[in-house]
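See below for the structure under consideration.
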Amino acid sequence: MQNGDDITDEVGTQSAHSGPTVGVVGAGLSGLSATHSLASMEADVRTFEAAGRPGGVVRSTTIDDTVLEHGPQRLRLSAPLKSLVEELDLTEELRFGHEDQPLYAFYKGSLRPMPLSIRHAITTDLLSWRGKARILAEPLTESARPDETVHEYLARKFGTEAATRFMGPLYSGLYGTDPDEMYVEYSLGRALDHMGIEGSILLTVAKRLLEGIDTPPIVTFERGVKTLPDAMYDANADRIALDTAVTGIEQDGERFRIVSEAGTHTVDSVVLTTPAPTAADLLAGIDEPAADVLARFNYNPIGVVHLESDFDGEGHGFHVIDDGYVTNGSTWNHSMLDRDGIYTSYVGSGDETVLDAPDAEIGRRAAAEFEEITGTSAEVLSVNVIRPGMPAYDRSWSALDNLSLPDGITICSSYTSRAGVIGRIVDGRRTAKQVVSKSAGRH
Ligand SMILES: Cc1cc2nc3c(=O)[nH]c(=O)nc-3n(C[C@H](O)[C@H](O)[C@H](O)COP(=O)(O)OP(=O)(O)OC[C@H]3O[C@@H](n4cnc5c(N)ncnc54)[C@H](O)[C@@H]3O)c2cc1C
C-alpha cells in the first residue's frame, strides 16, 4: 500500500480476520516486527508510516556501488534475527563481518586497542597494569544497586580506570549520554537482565566461553541493513500505508480512531512505535497524564557522517575518550565489512550545538578530526542528522515509573525496552502476543 487513500472505514466494518483489529503507528523495525507478528496471529492489522519508505532510522543508500549505512552499521546474527532472516528467505544475502579485529579508544592523542580479547587485554596500553588487575577483582563486587549510575556501577565493578577509559564510553557512546547521567536500571540493567547476568559479569562471560557459547557473528546484507525492513515491508505491503502520518488518536467507546490525512481508521487496539515526543502528541487527546509522562523523556540527536579515505587501519573503529572533539567515534566499514574506503563517524558528543550548523560544517569538522586521529586525509560523502535521535536513558527515564496507559494502547519502542535491532524485533513479537491475548480477554 503506497499511501493511505483506501484506509478510511466505518466503525464495525466486517473483517475476514479471526483476531482483533489493531492499528500500528510507525513502520520502523518495531512497527514492522509488530505488524509481521500480528498478521501471523490472524489480527486485522493496519500500519501507518509517515515516511515514504519503511525502516525508520535503518536506512542504507549506495554511492558508486558501495553501501552507506545511515543507521545501524551491522547486526549480530542472534537467534531472533536468524529465524527472521530464514523466514524472509534472506540467508543468501547475508554478508559476514570480520570478528577478530580490534576496537580502539582514542586516548591521550593515540589509538589504543580496547581490552576486548585476551590478546588485547594483555598488550593494550589503554589501561595500567593496576587498572587491568582491578578488572579481575570484579567477581568480588556486588550486583547493581538501586539508583546507581552507569559510571558508578562500572567503576565499583571494574575500577575507575576501566570505567572511564573503556567501558563507560563503549556502552554510552552511541547514546551520546555521559555514563554519570545514565541510570543502570533504565539502560545497562536491561541488557544485563536479558543476558541473565545477576552477579559477576566476568564469571558469566567465562562460564559461557567454557560452555562453548559464542557471541553471534557480525552480519549485514549485500545491499545493506535496509534489506531487513524492506523484506518485512514486502511481506506485509497490503497492510502498511506509507506517506501516511498519524495526526491524532481519538477514543470511541472501548475502541480508538486513528486519524491521518488519509482518513479515520477504527481499531480495538493501538500499538505506538514512534519516538516518545510523537507518542506524547498523539495521546494528548485521550490521556493527558500519560502524554505528560511521555513528553519528559530526553533524546540526543546524532550526526552520521560518511567519509571516504585511503586509511587502511585494521579494526572495527574507535571511540573518542579525549575531551575537545565533536566526534563520538567512528566505524571502519572498510575493514570490518569490506566496504572499500568507507568510514562512518558519529558526531554530537559533548557539544550538541555542533549539529545545528550547516551539514557542510558538520562534515568538515568530522573529516578534520578523522584526519587528526588516523593521520590520513578523508573526503565527506554524506552528512545526516538524526532527530530526535538516540534515547538518552538519563535521569528523565525515571518518568517510566509513572507511566500508565489507557486499556487498548500499547507502546513498542526503545524507550520502554531495549534499543538495539534485536531488542526491537523481540519487542515487536512480544507486543503482538500481548495485544492479541489482552484483546481476547476484553471481548
Ligand atoms: C545512528 C544509529 C546507529 C545505530 N546502531 C545500531 C547498531 O549498530 N546495532 C543495533 O542493534 N542498533 C543500533 N541502533 C538502534 C536501532 O537501529 C534502533 O533502536 C531501531 O532501529 C529503532 O526502531 P524503531 O522502529 O523503534 O524506531 P524508528 O526507527 O525511529 O521508527 C519509528 C517510525 O515511526 C515513524 N513515525 C514517526 N511519527 C509518525 C507519525 N506521526 N505517524 C506515522 N509514523 C510515524 C517514523 O517515520 C519511523 O519510521 C542505531 C540507531 C541509530 C540512530
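Throughout, numbering of the chain's residues begins at 1 and tracks the sequence. Remember, it's 1-based here, ligands and their atoms both numbered in the order they're listed.
Here the heavy atom of the protein found nearest to atom 44 (N) of ligand 1 is A50 N, 3.1 Å. The single protein non-hydrogen atom nearest to atom 15 (C) of ligand 1 is A419 O, 3.7 Å, given as residue, atom name and distance. For atom 31 (O) of ligand 1, the closest heavy atom belonging to the protein is G28 CA, 3.6 Å. Nearest protein heavy-atom neighbour of atom 14 (N) of ligand 1: P72 CG, 4.0 Å. Here the protein heavy atom with the shortest distance to atom 29 (O) of ligand 1 is V57 N, 2.9 Å. Looking at atom 20 (C) of ligand 1, its nearest protein heavy atom turns out to be R424 CG, 3.8 Å. In this structure, atom 9 (N) of ligand 1 lies nearest to the protein heavy atom R74 O, 4.0 Å. Of the protein's non-hydrogen atoms, the one nearest atom 24 (P) of ligand 1 is S30 OG, 3.3 Å.
The option with the heavy atom closest to atom 11 (O) of ligand 1, from among L81, V421, T274, is V421. Distances from atom 2 (C) of ligand 1 to the heavy atoms of G71, P301, A51 put G71 nearest.
Annotation: the span from R296 atom CZ to R395 atom CZ amounts to 14.0 Å, rounded to 0.5 Å. A distance of 11.0 Å separates CD in E369 from CG in D322, rounded to the nearest 0.5 Å.
Residue contacts with ligand 1 for M390 involve side-chain atoms from C-beta outward but no N, CA, C or O (heavy atoms, distance under 4.0 Å). Residue contacts with ligand 1, taken as heavy atom pairs separated by less than 4.0 Å, involve E49 via backbone and side-chain atoms alike.
With a 6.0 Å radius and a threshold of 12 heavy atoms from other residues, nucleotides or ligands, E288 has its CD atom at or below the threshold.
Less than 6.0 angstrom separates the ring centroid of Y325 from the ring centroid of F106.
The shortest side-chain heavy-atom distance between F370 and V305 does not fall under the 4.5 Å cut-off. Residues V219 and V85 form no side-chain contact, since every pair of their non-hydrogen atoms from C-beta on lies 4.5 Å or further apart. A heavy-atom distance below 4.5 Å is not found between the side chains of M114 and T124. Residues S83 and R429 meet the side-chain proximity criterion, which asks for heavy atoms closer than 4.5 Å. Between V270 and L272, the closest side-chain pair of non-hydrogen atoms falls below 4.5 Å. By the 4.5 Å heavy-atom criterion applied to side chains, D230 and P54 are counted as neighbours. In this structure the side chain of S335 reaches within 4.5 angstrom of the side chain of Q101, judged on heavy atoms.
Under a 4.0 Å criterion applied to the non-hydrogen atoms of L29, ligand 1 contributes the atoms 21 (O), 23 (O), 25 (O). Shown in contact with V25 at under 4.0 Å from a heavy atom are these atoms of ligand 1, numbered in order with element: 42 (N), 43 (C). Those atoms of ligand 1 that come under 4.0 Å of a heavy atom in T273, given as number and element, are 32 (C). Interface of G56 with ligand 1, defined as ligand atoms under 4.0 Å from a residue heavy atom, comprises 29 (O), 31 (O), 48 (C), 49 (O). Near T278, meaning under 4.0 Å from one of its heavy atoms, ligand 1 places the atoms 38 (N), 41 (N).
T220 and R74 share no donor-acceptor pair across their side chains, judged by distance under 3.5 Å alone.
Residue contacts with ligand 1: A245 is placed with no nitrogen or oxygen under 3.5 Å of a nitrogen or oxygen of the ligand (distance criterion only). At under 3.5 Å, not a single nitrogen or oxygen of P275, backbone or side chain, sits near a nitrogen or oxygen of ligand 1. Remark: ligand 1 and V246 share an N or O pair separated by less than 3.5 Å (distance only, no angle test).
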